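Written below as structure tokens is the structure these notes are about.
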There are 2 protein chains.
Amino acid sequence: MPPRQSITLTEAELRLMKLLWSRGESSVAELTQSLADDTPLAYTSVLTTIRVLEKKSYVTHRQEGRAFFYTASIAEHEASRLEVRHVLGRFFGNSRERLLLALLGDNDITPAELTRIQAVIAQAPEDAKPADDSVAGDHTQPEEV
Amino acid sequence: MPPRQSITLTEAELRLMKLLWSRGESSVAELTQSLADDTPLAYTSVLTTIRVLEKKSYVTHRQEGRAFFYTASIAEHEASRLEVRHVLGRFFGNSRERLLLALLGDNDITPAELTRIQAVIAQAPEDAKPADDSVAGDHTQPEEV
DNA sequence: ACGGAGCTACTAATGGATTAGTTAGCAGGC
DNA sequence: GCCTGCTAACTAATCCATTAGTAGCTCCGT
């Protein structure tokens, strides 16, 4: 049984998505143009990859005359969250704390960044602060404690 | 240019690594046995995958008589960190804060887990606490602020 | 000493990911 | 009205990932 189609974004797919996120709705020609600087890619290659993205529901297209205009149907932060959830499930048993500890325990982390992270944590809960703790039961994914 | 060999662990590879991490040094036969419960795999399939893992330097083997005994050469938390760094680079511009915000901003997070994460953050810096902030310059990867 | 059991090495088949060439349709210009 | 140029569709080629079969070697028991 060969590997099923990847749920997450592959490298080539991510490159196109990043372009769509930064440029907004674009034609295949425009995307190909934008890639020309670093790693040029043939028009048809871009087209093939973006059709895969459409099959995966990451983009939609709109026809205008003879050209197709593609738009990301998933925001960048949504895609990022999907990716984080993916590794969360694969490596951390869906435990965000464990991922957090890995993030903090990395030797390459600088003291300055650690401080900034603490700042982020200190103020982040403002938009998601629990009013009380009794609501903990409506989550879909299993979580460890 | 077709895709180069994945740097991170693929699904089949991760399944074997998890077995090695929990079991410790194991022969191919033992690994095949352990897989028999959920998704059985042929002896030769396990062997093929583990040889890929050895090529990727995730495992080493030791010969004892005619059999090979394989050991994970990378601890689970190391592999997890590698994976986190991978998504960090692909989706968050190597910014741990941005990943953290994605972690906290996920709608599926429960108030209880958020509280636990705050607790983790509050006590985690003990082993990596910055004495002063002036040391921030010896990191290898570029980081955003 | 010889045959079987078990193990590794080699080979193969299938399908995804990536890149790109070829084909064909359609719009606009001369 | 026909040719040119752009576009999407189809096809192809290459390599990786996954699964598995066959061959060949080695050890052990009889």
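Note on naming: letters A, B, ... go to the chains in the order of the sequence lines (proteins, then strands), and numbering restarts at 1 for each one. Model, not experiment: these values are computed from the prediction.
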Q.
I need the OH-C1' distance between B/Tyr43 and C/dA5, as an integer number of Å.
A. 12 Å

Q) Does B/Leu103 share a hydrophobic cluster with B/Leu101, counting links as ILVMFWY side-chain heavy atoms below 4.5 Å and allowing steps through other members? A) yes

Q: Kindly indicate whether the side chain of A/Ser26, heavy atoms from C-beta on, has any atom under 4.5 Å from the side chain of A/Leu20.
A: yes

Q.
Distance check needed: C/dC7 C1' versus B/Arg62 CZ, whole Å only.
A. 15 Å

(Q) Quick check: is B/Leu31 connected to B/Val52 through a chain of hydrophobic side chains (ILVMFWY, heavy atoms under 4.5 Å apart)? (A) no

Q.
Test of understanding: with side-chain hydrogen bond (donor to acceptor under 3.5 Å, both in side chains), list the residues that count as partners of A/Glu11, not counting sequence neighbours.
A. B/Arg90

Q: Examine A/Phe69 and A/Leu19 and state if one hydrophobic cluster contains both, with Ile, Leu, Val, Met, Phe, Trp and Tyr joined whenever side-chain heavy atoms are less than 4.5 Å apart.
A: no

Q: Mind telling me whether A/His61 and A/Tyr70 have parallel, tilted or perpendicular rings, with 30° and 60° as the class edges?
A: tilted

Q: May I ask you to decide if B/Arg96's main-chain N or O and A/Glu113's side chain share a donor-acceptor pair within less than 3.5 Å?
A: yes

Q) So, is A/Arg51 close to the D/dA8 phosphate, meaning a side-chain N or O under 4.0 Å from OP1 or OP2? A) no

Q: Tell me, please, whether A/Phe92 has A/Arg98 positioned over its six-membered ring: NZ or CZ under 6.0 Å from the ring centre and within 45 degrees of its axis?
A: no

Distances for protein N or O near nucleotides 12-22 of chain D N or O, under 3.5 Å:
from	atom 1	to	atom 2	distance (Å)
D/dA17	OP1	B/Ser6	N	2.9
D/dA17	OP2	B/Gln5	NE2	3.4
D/dT18	OP1	B/Thr10	OG1	3.3
D/dT18	OP1	B/Glu11	N	3.4
D/dT18	OP1	B/Ala12	N	3.3
D/dT18	OP2	B/Thr10	OG1	2.4
D/dT18	O3'	A/Met1	O	3.3
D/dT19	O4'	A/Met1	N	3.4
D/dA20	OP2	B/Ala42	N	3.1
D/dA20	OP2	B/Ser45	OG	3.4
D/dA20	N6	B/Thr48	OG1	2.8
D/dG21	N7	B/Thr44	OG1	3.0

Q: Please state how far atom CG in A/Leu47 lies from atom P in C/dT18, giving the value in whole angstrom units.
A: 15 Å

(Q) Could you tell me if A/Glu13 and A/Thr10 have a donor-acceptor pair between their side chains, going purely by distance under 3.5 Å? (A) yes

Scan nucleotides 24-30 of chain D against the protein and return all N/O pairs shorter than 3.5 Å with their distances rounded to 0.1 Å.
none

(Q) Test your reading of the model: is there a side-chain donor-acceptor pair from B/Lys56 to the backbone of B/Ser6, 3.5 Å cut-off? (A) yes

(Q) What I want to find out is whether B/Glu64 reaches B/Arg62 closely enough, with some N-O distance under 4.0 Å, to be called a salt bridge. (A) yes

Q) Under a 4.0 Å heavy-atom cut-off, which of residues 21-33 of chain B touch DNA chain D? A) none

Q. A/Glu54 CD to D/dA8 P: how many Å, rounded?
A. 11 Å

(Q) Is there a continuous path of hydrophobic side-chain contacts, each under 4.5 Å between heavy atoms, that joins B/Val46 to B/Leu14? (A) yes

**Q.** Separation of C/dG6 C1' from B/Gln63 CD (nearest whole Å)
**A.** 13 Å

Q. Whole Å only: how far is the CD atom of A/Glu64 from the P atom of D/dT7?
A. 13 Å

Q | For B/Thr48, side-chain contact (heavy atoms from CB on, under 4.5 Å) partners two or more places apart | A | none

Q.
Could you work out how much the helix from C/dA1-D/dT30 to C/dC30-D/dG1 bends, comparing the axis of its first five pairs with that of its last five, to 10°?
A. 20°

